[in-house]
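The structure under discussion appears below in the form of structure tokens.
Residue numbering restarts at 1 for every chain, and letters A, B, ... go by the order of the sequence lines.
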Amino acid sequence: MEKKANVLVIGAGPAGLCAGIETGKSGAKVIVIDENTRPGGQLFKQIHRFFGSEQHHAGVRGFEIGEMLLHKCKEAGVEMMLSSVVWGLSPEFRAGVVREGKRSMTITADKVILATGASENSLMFPGWTLPGVMGAGAAQTMMNIHRVLPGKRALMIGSGNVGLIVSYQLLQAGCEVKAVVEILPRVGGYKVHANKIARLGVDILISHTVLEVRGRERVEEAIVGRGDRNLRPIPGTERTISVDLVCLAVGLTPLSELAWLAGCKFGYFPLLGGFVPLHNRGMETTVSGMYIAGDASGIEEASTAMEEGRLAGVGALESLAFISAAEADSRRKEIEQNLLMLRKGPYGDFRHKEKEKIYSEWKKVKEKAGGYH
Amino acid sequence: MSGKRLKKRPVVIIDCPEEIPCNPCETVCSQGAIIIGQPITNLPVTDEAKCTGCGRCIPVCPGLAISLLHYDYSPSEASLTVPYEFLPLPKKGQEVFVVDEKGRYLGKGNIIRVIPPEKNNRTSLVTFSFSKKLYKKVKYFVLKRENLIDETRKYEPGKK
Ligand SMILES: Cc1cc2nc3c(=O)[nH]c(=O)nc-3n(C[C@H](O)[C@H](O)[C@H](O)COP(=O)(O)OP(=O)(O)OC[C@H]3O[C@@H](n4cnc5c(N)ncnc54)[C@H](O)[C@@H]3O)c2cc1C
Ligand code: SF4
Ligand code: SF4
């Protein structure tokens with residue numbers, strides 16, 4: 001089977017849905033494709049209220065933002081293809097798709113917007129393969145999507161926002177959180193998130209890491225210890241914690257294999273999660289007509305993912321002549337203003353700087369290749 | 001906080017110490033008692049004189065960082081209203097343990113009022129009373145004391 005579209009959006013998280021809405025409402029034929037049975041990406045397991053401004057649905061719970069976006073996608077006439085994995089993408093924008101694990105098909109598109117999100121990082125230590133050691137995101141999916149309690153007594157590794165929020169949600173689900181360990185000498189995530197669990201009695205052990213997890217058939221206990229300034233364990237500081245669940249919240253990596261396949265140039269930006277496809281301010285990669293948005297373009301947040309999805313959409317619309325250059329510029333200006341606001345403060349400034357680096361790297365590559373086409 | 005204002009009626013207390021991009025507390029307060037302005041990463045500033053103690057800002061805060069303190073709940077007791085997202089809900093009159101910002105036990109308290117979760121999109125508001133002497137330290141309450149750990153804790157929310 002073969003299908004055609006003006007715009008193919010890969011990934012139906014906040015970035016992909018917003019890209020779909022932006023392009024669909026201006027008349028383009030848009031397909032949004034996602035491997036899950038439900039669209040929404042990360043949003044559907046986020047049962048907590050989100051930060052942001054009114055226009056980014058602050059104070060609204062993540063899954064409700066997802067529902068709102070879905071509704072708008074429908075209104076914009078976007079075709080949603082679920083349970084469909086994109087396994088390949090050629091530089092001519094032919095996407096290989098497997099539907100429901102059996103039927104295969106191709107989609108050819110004029111423009112592609114990659115909004116594939118991120119994957120969770122792992123961490124290796126003796127015992128890390130025991131059942132009961134899992135990604136924090138996996139634990140969250142078990143609890144909030146499948147309603148299965150992943151354990152009764154948990155240890156969280158990592159104190160970024162993901163570690164802190166999932167700890168809080170484990171408590172809500174009725175699991176005891178014995179401790180959160182953090183190798184750095186400070187808590188990584190927002191203090192308000194840390195305070196939520198600290199006042200409920202959860203120990204946040206900074207300058208600590210997990211050394212080993214023990215158990216016969218599954219996790220029975222974890223050994224944690226203090227680390228020195230070079231992040232090496234200090235002998236004699238070990239402690240045993242009796243747990244049956246060890247969650248890893250040690251960062252995310254942009255999921256951008258399809259950009260490699262399509263021939264995009266990459267750069268290494270560790271503060272944004274690792275290798276990131278180079279892109280310009282309008283989210284276009286080094287392959288003309290291919291855009292990237294959301295966590296796939298550098299790990300940030302749902303609010304920035306939504307704005308980036310829109311930006312990518314505006315670029316696609318303009319180059320397909322669905323909107324005028326003037327209209328595109330005015331939409332871009334507004335979105336860039338929002339992004340500027342979201343990339344402020346102690347958790348935002350560095351993201352702004354890294355993004356600027358990505359834009360200038362993109363420019364260098366394009367100039368070398370002989371001008372912009 | 002001015003002592004006089006604190007005594008009259010419940011007043012908002014915000015514990016939001018970092019410049020994060022967030023402002024629903026400002027948007028929801030019809031009294032203009034919470035100011036953030038632009039950029040929205042500014043810290044919220046409260047104007048106690050304008051705060052009527054309505055409590056509307058409590059459930060919208062994604063940081064669960066807003067509470068309402070009533071110093072003169074009774075001659076000997078103060079009360080605190082906090083957002084609560086756990087089940088089972090405590091019952092009116094139930095005895096609870098009041099804790100500080102690090103979950104350390106401070107003393108006993110009593111549940112005065114529970115606004116069920118349906119009213120505020122799944123966030124309950126719980127008001128509990130405790131000895132006036134503790135009013136500066138009390139941040140939250142817990143139902144079971146065995147949840148609490150001892151004082152050898154490493155994390156200092158005040159330090160970063
Ligand atoms: C615990 C936790 C709490 C968070 N809290 C907040 C918060 O309070 N506020 C906030 O702003 N942000 C928050 N975030 C971050 C936010 O969820 C992410 O930044 C955001 O979801 C990124 O959006 P995205 O669209 O780029 O990717 P995702 O939401 O990850 O969506 C990508 C989608 O693409 C699909 N996909 C990937 N590859 C393929 C393929 N080859 N074929 C088909 N489909 C594919 C994936 O399955 C997924 O559905 C939180 C994240 C976590 C994990
Ligand atoms: S309690 Fe009411 S009046 Fe006071 S700051 Fe909150 S919303 Fe405003
Ligand atoms: S809503 Fe809460 S977290 Fe957001 S700025 Fe206001 S007090 Fe801070």
Side-chain angles (χ1 to χ4, degrees), chain A residues 47-54 56-62 64 159 161 165 168-169 171-174 176-182 185-187 189-208 226 301 303-304 338 340-349, chain B residues 14-28 36 38-43 57 59-66 82-83 85-87 97-105 120-123 138-142 144-150 152-160:
Chain A
I47 57 171
H48 59 285
R49 295 175 189 270
F50 270 36
F51 285 93
S53 66
E54 186 93 305
H56 297 103
H57 318 295
V60 179
R61 297 178 190 281
E64 289 167 330
S159 71
N161 279 333
I165 290 172
Y168 181 71
Q169 293 179 355
L171 292 168
Q172 285 181 303
E176 257 178 76
V177 179
K178 291 286 180 183
V180 175
V181 299
E182 168 60 58
R186 61 187 167 271
V187 172
Y190 292 170
K191 209 171 276 177
V192 283
H193 283 320
N195 289 347
K196 278 185 209 175
I197 59 171
R199 67 189 174 210
L200 291 167
V202 175
D203 234 336
I204 303 181
L205 301 168
I206 54 168
S207 297
H208 272 71
R226 191 179 264 284
E301 298 183 328
S303 42
T304 45
N338 293 343
L340 209 59
M341 178 181 79
L342 291 169
R343 291 179 181 142
K344 273 200 162 60
Y347 298 93
D349 285 337
Chain B
I14 300 193
D15 196 3
C16 180
E18 289 176 325
E19 291 164 317
I20 52 180
C22 188
N23 70 356
C25 52
E26 176 185 40
T27 320
V28 82
I36 288 179
Q38 287 295 337
I40 63 165
T41 39
N42 287 345
L43 295 181
C57 51
V60 301
C61 170
L64 305 186
I66 307 183
V82 295
E85 299 183 323
F86 295 91
L87 290 173
F97 303 104
V98 299
V99 294
D100 71 0
E101 59 183 3
K102 295 183 209 164
R104 286 180 301 212
Y105 174 69
N120 290 300
N121 186 12
R122 304 174 182 82
T123 303
V138 172
K139 290 283 179 219
Y140 220 66
F141 72 93
V142 290
K144 279 192 291 182
R145 218 187 141 180
E146 62 259 43
N147 277 349
L148 305 182
I149 32 126
D150 58 74
T152 62
R153 299 155 50 77
K154 304 289 186 293
Y155 173 57
E156 308 276 339
K159 290 182 197 158
K160 177 123 195 191

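- For the residue pair A:Phe51 and B:Cys22, the shortest heavy atom distance occurs at CD2-SG, 3.3 Å.
- For A:His193, the part lying under 4.5 angstrom from a heavy atom of chain B is the side chain only.
- Exactly one residue among A:Met341, A:Lys344, A:Arg343 makes a side chain to side chain contact (heavy atoms under 4.5 Å, CB included) with B:Thr41. That residue is A:Lys344.
- The line from NZ of B:Lys102 to CD1 of A:Ile197 is 14.5 Å long, rounded to the nearest 0.5 Å.
- Between B:Pro24 and A:Gly59 the shortest heavy-atom distance is CG-N, 4.3 Å.
- In this structure, A:Gln172 contributes its side chain and B:Glu85 its backbone to a donor-acceptor pair below 3.5 Å.
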Subject >> Intermediate values then yes/no, side chain to side chain contact (heavy atoms under 4.5 Å, CB included), A:Arg49 and B:Thr123 >> reply: CA-CA 10 Å; A:Arg49 295 175 189 270; B:Thr123 303; 2.7 Å; yes
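- Heavy-atom distances place the side chain of A:Glu64, and not its backbone, under 4.5 Å from chain B.
- The candidate from B:Thr27, B:Asn121, B:Asn23 with the greatest count of non-hydrogen atom pairs under 4.5 Å with chain A is B:Asn121.
- For A:Ile47, no part lies under 4.5 angstrom from a heavy atom of chain B.
- The minimum heavy-atom distance linking B:Ala65 with A:Val192 is given by the pair CB-CG1, 3.7 Å.
- Between A:Glu176 and B:Lys144, no side-chain nitrogen of the basic residue sits less than 4.0 Å from a carboxylate oxygen of the acidic one, so the salt-bridge criterion is not met.
- Heavy atoms closer than 4.5 Å to chain A are found nowhere in B:Glu26, neither backbone nor side chain.
- Interface remark: B:Asp100 contributes backbone atoms only to the contact with chain A (heavy atom separation under 4.5 Å).
- When each of B:Pro59, B:Cys25, B:Cys16 is scored by its heavy-atom pairs under 4.5 Å with chain A, the top score falls to B:Pro59.
- Between B:Ile20 atom CD1 and A:Tyr190 atom OH the span is 5.5 Å, to the nearest 0.5 Å.
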**OP:** Decide yes or no on side chain to side chain contact (heavy atoms under 4.5 Å, CB included) for A:Arg199 and B:Leu64, but give the supporting numbers first.
**Re:** CA-CA 11 Å; A:Arg199 67 189 174 210; B:Leu64 305 186; 3.5 Å; yes
